[in-house]
Number of protein chains: 2
Amino acid sequence: MNRPTLEAVAARAGVSKSSVSRVINGASTVAPSIREVVLRAVRELGYVPHAAARNLATRRTNAVALVVSDPPKGLVSDDPMFSAVVRQASRKLEAAGKQVVLMLAGSEDSRTRVAQYVAASHVDGVMLVSMHGADSLPSTLARKGIPIVSLGRTNPAVPYVDNDNLGGAALAVRHLLGQGRRRVATITGPLDMIASQERLTGYTAVMRETGHRSIVAIGDFTRISGADAMRQLLQDDPGLDAVFAANDLMAIGALRTLRESGRRVPDDVAVVGFDDIEAALYTTPALTTVHSPMTDWATATVDLLLGLFEGGRNAPLLLPADLVVREST
Amino acid sequence: MNRPTLEAVAARAGVSKSSVSRVINGASTVAPSIREVVLRAVRELGYVPHAAARNLATRRTNAVALVVSDPPKGLVSDDPMFSAVVRQASRKLEAAGKQVVLMLAGSEDSRTRVAQYVAASHVDGVMLVSMHGADSLPSTLARKGIPIVSLGRTNPAVPYVDNDNLGGAALAVRHLLGQGRRRVATITGPLDMIASQERLTGYTAVMRETGHRSIVAIGDFTRISGADAMRQLLQDDPGLDAVFAANDLMAIGALRTLRESGRRVPDDVAVVGFDDIEAALYTTPALTTVHSPMTDWATATVDLLLGLFEGGRNAPLLLPADLVVREST
DNA sequence: CTGAAAGCGCTTACAG
DNA sequence: CTGAAAGCGCTTACAG
């Protein structure tokens, strides 16, 4: 049951440990005869280099921490994103030969934990996935001098890739206005989140610019908050004919309220969401929404990190927004 | 920029490396005066033990591989599960002081990769998340003698926690029959998956037992396959008055076909799904479905693994099924 | 091209 | 209770 060491391989092959190491690591300066006898010994013994020993000697791990700000339970709005992002980032990193260490960073405790882990040289780099607001982690880690990138904007010191939240929101509102809608309301996300702020800004900018009055209700990205906000909007302004929700989940909640209040969608009120989650396909009517390219987003962020490993000094990147028109507008 | 070593701490504190190590690891046999001076030095230097060195010396890593069988792209049916399971398992493992290394194992290549990784002693144990069929990995890993568990049944050699698929399907069918439905069809998942097989068996068992004829169409767990299968069922047996789909996504597809064909749900045809994904709440009408307790499932599986670490010899576990009745029946 | 030796940064019997 | 020393299993200049 004892695993074979490099030394055992050397003994069996009748060569030095140095030579075995060279063969294992594909050094070019190895005689074919030696290579052959070593490889045979490796095969016969079922040798696999011990990770910790190698890491200690090389000072590298070939691992990357994928740090996801884990929201409080119940806030499921980002579940589809979690899945898409974590999956795609893992695929890309594995393809690049990096192992993914997944770390959740919801509480202050877990943030300390992450910082310690990184400080212990467990990983060569860090990818932050931070859909949720202000965090102490980015700046803490950035100071350590370890390569780090962020999916979503966080700290000025951390290179990032972000969605064009502002452009996307503007696209949605222009679309509604272009249909002849006059009284366009918005339901915002939690305003301590940058994405929420930007989507709201996109909305208000277009409304102002086109001479319309802003009609705002505040939600928190959950479906229930969307339903509540919609009820309030209807009460405040029964004549509104369109609503832009800052995410799909709230849009879905709004649809339900509209149905309950006897409004037809899109005839009486048009609805646009944001994110293009899978559930947006299943609503009745199917939801018009701003597409968040989660897969591309994850890919671009991984590329940014890999670039950093190569010594690059990469600039932040903004992904273009895209409107998917379905039946709700 | 050079990180301080244990030796540096010892020098600064004026004690031996042994003593520093003892303090760091909380050994009880340390004089308070020494502990104090060491802790101060640690603080002043910002010392964090080097992970690889420690792993090499102790032969342990405090890490666990979370191996997820990553399906081909496009098969999104398990996304909500991926999210719930990965998240909950991570939470639990982190709480137990284990670091989570996420590994995707969709292709044969990545499976080799996982086997190598485990063989390299990167981790102390493995948790498989294997919603998808027969896999070479479980038996390969089980042979290595490393603690391993599986969420979902896989290999006889691997302890697992599973959903009661059979019981859940039976529950669904009995519910439909209990409503007076007579011609109850089923849409199955891909039949190379154990979960699909069991859900089908649950259906046929109850149908036979109650003297009803089975009406079966085969799907693949995607929404589109559910829509197609429903179309076919309607064509074969226009008089059917209920359908049990082996997952929610297919049930959602079936709902759409039923609407298009002018059937009212639940008046003309009742529909039951399986899994209770979030989208099941948003359909019109909201979907009756068998709840898959993903969170509990992940928790139980982690507990099984932690038990193995403690030297336990844990038996497989079956989670009880539960029917959530909504508007579609 | 190959090998002997030092070193990576910890932990852990072993003496005292 | 404390310290000197050996050892964990690799890699990598350095000589030859």
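Everything numeric in this text was worked out from a predicted model, so none of it was measured. Here is the naming used below: chain letters follow the sequence lines, and residue numbers restart at 1 for every chain.
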| query | Between the side chains of B/Q116 and B/R113, does any donor sit under 3.5 Å from an acceptor? | reply | no
| request: Look at the side-chain N and O atoms of A/R54 and state whether any lies under 4.0 Å from the OP1 or OP2 oxygen of D/dG9. | output: no
| said: Restricting to non-hydrogen atoms, name the atom on B/V67 and the atom on B/A105 that form the minimum distance, rounded to 0.1 Å. | reply: CG1-CB, 3.7 Å
| request: Calculate the interatomic distance between A/E7 atom CD and C/dA5 atom P; express it in whole Å. | output: 13 Å
| note | Rounded to whole Å, CD of B/E36 lies from C1' of D/dC1 at a distance of 17 Å
| query | Just checking B/I34: base, sugar-phosphate only, or nothing, at a heavy-atom cut-off of under 4.0 Å? | reply | sugar-phosphate
| task | Please state how far atom NZ in A/K17 lies from atom P in D/dG9, giving the value in whole angstrom units. | result | 10 Å
| message | Could you tell me the Watson-Crick or G-U partner of C/dT2, where both distances fall under 3.5 Å? Say none if there is no partner. | response | D/dA15
| task | Return yes when atom CD of B/E44 has more than 12 non-hydrogen atoms of other residues, nucleotides or ligands closer than 6.0 Å, and no otherwise. | result | yes
| query | Just how far, in rounded Å, is P of D/dG9 from CZ of A/R60? | reply | 22 Å
| query | Can you say whether the rings of B/Y117 and B/H122 are parallel (under 30°), tilted (30 to 60°) or perpendicular (over 60°)? | reply | parallel
| A/H50 NE2 - D/dC10 C1' separation (whole Å) | 9 Å
| request: Using whole Å, report how far CZ of B/R3 lies from C1' of C/dG9. | output: 9 Å
| Euclidean distance, A/D303 CG relative to A/L93 CG, rounded to 0.5 Å | 9.5 Å
| field | Phosphate contact (D/dG7 OP1 or OP2) by B/R59 side-chain N/O below 4.0 Å | value | no
| Closest-nucleotide ordering on DNA chain D, the 5'-leading residue of B/A57 and B/V30 | B/V30
| Could you give the CG-to-P distance, from B/N25 to C/dG9, as a whole number of Å? | 17 Å
| field | Phosphate OP1/OP2 of D/dC10 contacted by A/N55 side-chain N/O (<4.0 Å) | value | no
| request: Compare side-chain N and O positions of A/S19 against OP1 and OP2 of C/dG3 and report whether any pair is under 4.0 Å apart. | output: yes
| said: Quick check: on DNA chain C, is the nucleotide nearest B/L56 upstream (toward 5') of the one nearest B/R22, or the reverse? Name the residue that is more 5'. | reply: B/L56
| query | Under 4.0 Å: is that the gap between some side-chain N or O of A/S21 and OP1 or OP2 of D/dT11? | reply | yes
| task | Tell me whether the OP1 or OP2 atom of C/dG3 has a side-chain N or O from A/S18 closer than 4.0 Å. | result | no
| B/L6 CG to D/dA4 P: how many Å, rounded? | 13 Å
